[in-house]
Amino acid sequence: MAKYKIAVLPGDGVGKEVVEAAMIVLEQFDLDAEYVYGDIGWEFWCKEGNPLPDRTVQMLKKTDACLFGAITSKPKVDALKEISPELRDSGYSYFSPIVRLRQEFDLYTNLRPCKAYAGNPLNYRDDIDLVIFRENTEGMYAGVEFHPLPESIKKELLIHPKMKKFEDVPSEEIALSTRIMTKKACTRILRRAFDYARKFKRRSVTIVEKPNVLRETGGLILDIARNMAKEYPDVEFWEANVDAMAMWLVKNPQDYDVLVAENLFGDIISDLAAQLVGGLGFARSGNIGDEYAVFEPTHGSAPKYDGMYKVNPIAMLLATKMMLEWLGEEDMAETLETAIAKVIEEGKIRTYDLGGDAKTLDVARAVVGKL
Ligand code: IPM
Ligand code: MG
């Protein structure tokens, strides 16, 4: 039996292409692993009314880690148009399979490093090295939403004085999404961020929130963060409002180090930070729980490029590097990152986002050539 069993979920569109690139590179390593492929994504929504079939969830449970390509996520109204009326009428509703996976497997940390590799012509500056810890299971992504707002809930909410002004609005004219934050989830994401900062001798941890407006949820995480910061005198602790952070990240990204944020804020600032170091072609993420982890590029399935082998696989390759690291194969992870960095620096093989005409798999082969 192989040492590791790794699930591979290519997903939709260019997800399949970048995963192919990752496998070309992984095959070069002496990793004692068995790879098992699974179904996920839009195709299964259209065919089965479920973008994350139960057989896939069961299969993942028997593996040590997962490499994930990309999926198409659409708003409910668009998704429902694309399945047969029978499936629609039997009560299926669309959900984002990657968000579901993160929650189902309690992958509470979404680790998103944004580092400027030397020679990347898209770097906003060359001295950016940010690491974002995005809470990955609740917050604005808790998924507790209503439309129309059930009368019983509306009635309960009227205990809050601010609800009064909605009292006479008809239920079908009110949509409600909740931001649920718990002490447990706030504590564990902050712990991961502070421990990381200490381990890698990072200068600072910044909590990115909006507690001046979101007083209860923002206040909860801020309070926990302030207390935890006292345990880490070796790490500076900074607080930032998310709106101001968006501006400062553009103004002085080099000043920041480890950022920690609630799910939606983390989603937003991580795309912003990704663009500072080359855009989605370079942005990778690790969805990491206590026992299991899923590694993916941050980009989506890019339907317009489907089948063209055009997109930059570096984000996927860097996600693969994160997986090797998480498995404890640090030497392999370092070898892979060094090879990727050489290809970027040399600049001979570049996909369209970098102004070149290389194809997805050309980049994979170039990385193999540097191993
Ligand atoms: C991400 C993506 C997802 C998210 C989408 C595809 C549901 O934007 O991983 O950042 O919102 O988390
Ligand atoms: Mg996102």
Side-chain angles (χ1 to χ4, degrees), residues 9-16 18-19 40-45 50-52 56 66-79 82 93-114 130-145 177-181 185 189 208 242 245-246 249 259-289 293-306 311-312 314-316 318-320 322-323:
L9 303 180
D12 301 312
V14 303
K16 295 192 173 74
V18 294
V19 163
I40 195 165
W42 194 247
E43 187 188 332
F44 301 94
W45 164 248
N50 185 354
L52 176 61
T56 305
C66 171
L67 266 187
F68 178 89
I71 39 94
T72 302
S73 304
K74 295 193 188 183
K76 180 171 141 189
V77 43
D78 301 331
E82 299 196 38
S93 63
Y94 186 73
F95 56 86
S96 163
I98 183 66
V99 173
R100 182 67 63 91
L101 263 187
R102 292 167 182 163
Q103 293 175 348
E104 176 97 21
F105 286 82
D106 204 21
L107 308 173
Y108 58 88
T109 301
N110 195 327
L111 177 60
R112 299 191 151 177
C114 294
L130 296 159
V131 182
I132 296 168
F133 284 76
R134 165 183 175 190
E135 202 291 321
N136 217 19
T137 56
E138 52 177 47
M140 236 11 227
Y141 280 61
V144 181
E145 301 192 288
S177 298
T178 57
R179 182 165 109 135
I180 302 181
M181 288 168 64
I189 190 70
V208 183
V242 62
M245 191 74 222
L249 274 178
L259 306 179
V260 58
E262 171 268 342
N263 214 334
L264 180 61
F265 291 164
D267 179 48
I268 296 168
I269 58 165
S270 61
D271 268 19
L272 196 162
Q275 192 53 48
L276 301 174
V277 296
L280 291 176
F282 291 84
R284 74 284 204 179
S285 65
N287 302 277
I288 305 173
V294 176
F295 298 88
E296 55 163 336
T298 306
H299 62 69
S301 63
K304 69 176 178 189
Y305 295 135
D306 188 7
V311 302
N312 189 347
I314 287 177
M316 183 78 228
L318 288 169
T320 308
M322 288 175 86
M323 180 184 78

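Residue indices begin at 1 and follow the sequence shown. Treat the numbers as computed from the prediction; the structure is a model and nothing was measured. Whatever order the structure lists them in is the order used to number ligands and atoms, beginning at 1.
- Backbone or side-chain N, O or S atoms of Asp267 reach the Mg ion (ligand 2) at under 2.8 Å.
- The Val99 neighbourhood of ligand 1 comprises atoms 7 (C), with distances under 4.0 Å to a heavy atom of that residue.
- Protein heavy atom in closest approach to atom 7 (C) of ligand 1: Ser96 OG, 3.5 Å.
- Summarising the local packing, CZ of Arg179 is surrounded by more than 12 heavy atoms from other residues, nucleotides or ligands at distances under 6.0 Å.
- Residue contacts with ligand 1: Met140 is excluded, as none of its non-hydrogen atoms falls under 4.0 Å.
- Between Pro297 and Leu280 there is no side-chain heavy-atom pair separated by less than 4.5 Å.
- Using a 4.0 Å cutoff on heavy atoms, Gly300 does not count as a contact of ligand 1.
- At a threshold of 4.5 Å between non-hydrogen side-chain atoms, the residues Asn50 and Phe95 count as touching.
- Here the heavy atom of the protein found nearest to atom 10 (O) of ligand 1 is Asp267 OD1, 2.8 Å.
- Heavy-atom contacts of Tyr141 reach the following atoms of ligand 1: 4 (C), 11 (O), 12 (O) (cutoff under 4.0 Å).
- Heavy-atom proximity to Arg112, at under 4.0 Å, picks out these atoms of ligand 1: 1 (C), 9 (O), 10 (O).
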Before giving the answer on side chain to side chain contact (heavy atoms under 4.5 Å, CB included), spell out for Asp306 and Ser301 the whole-Å C-alpha distance, their side-chain angles and the decisive distance to 0.1 Å. CA-CA 8 Å; Asp306 188 7; Ser301 63; over 6 Å; no
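- By heavy-atom distance, the residue among Ser73, Ala274, Gly266, Ala283 lying nearest atom 6 (C) of ligand 1 is Ser73.
- Taking any N or O of Asn110, backbone or side chain, none lies under 3.5 Å from an N or O belonging to ligand 1.
- Atoms of ligand 1 lying under 4.0 Å from any heavy atom of Arg102, numbered from 1 in the order shown and given with element: 1 (C), 4 (C), 9 (O), 12 (O).
- Contacts between Asp271 and ligand 1, counted as non-hydrogen atom pairs separated by less than 4.0 Å, are absent for every part of the residue.
- You'll find the side chain of Ile268 stays beyond 4.5 Å of the side chain of Val242, heavy atoms only.
- Between Leu249 and Leu130, the closest side-chain pair of non-hydrogen atoms falls below 4.5 Å.
- A donor-acceptor pair under 3.5 Å is absent between the side-chain atoms of Asn287 and the main chain of Leu107, judged by distance alone.
- With Tyr141 as the aromatic partner, Arg134 meets the cation-pi criteria of under 6.0 angstrom to the ring centre and within 45 degrees of the ring axis.
- Against a heavy-atom cut-off of under 4.0 Å, Arg134 is close to the following atoms of ligand 1: 1 (C), 4 (C), 9 (O), 10 (O), 11 (O), 12 (O).
- For the 3.5 Å distance criterion, the side chains of Gln103 and Thr137 fail to qualify, holding no donor opposite an acceptor.
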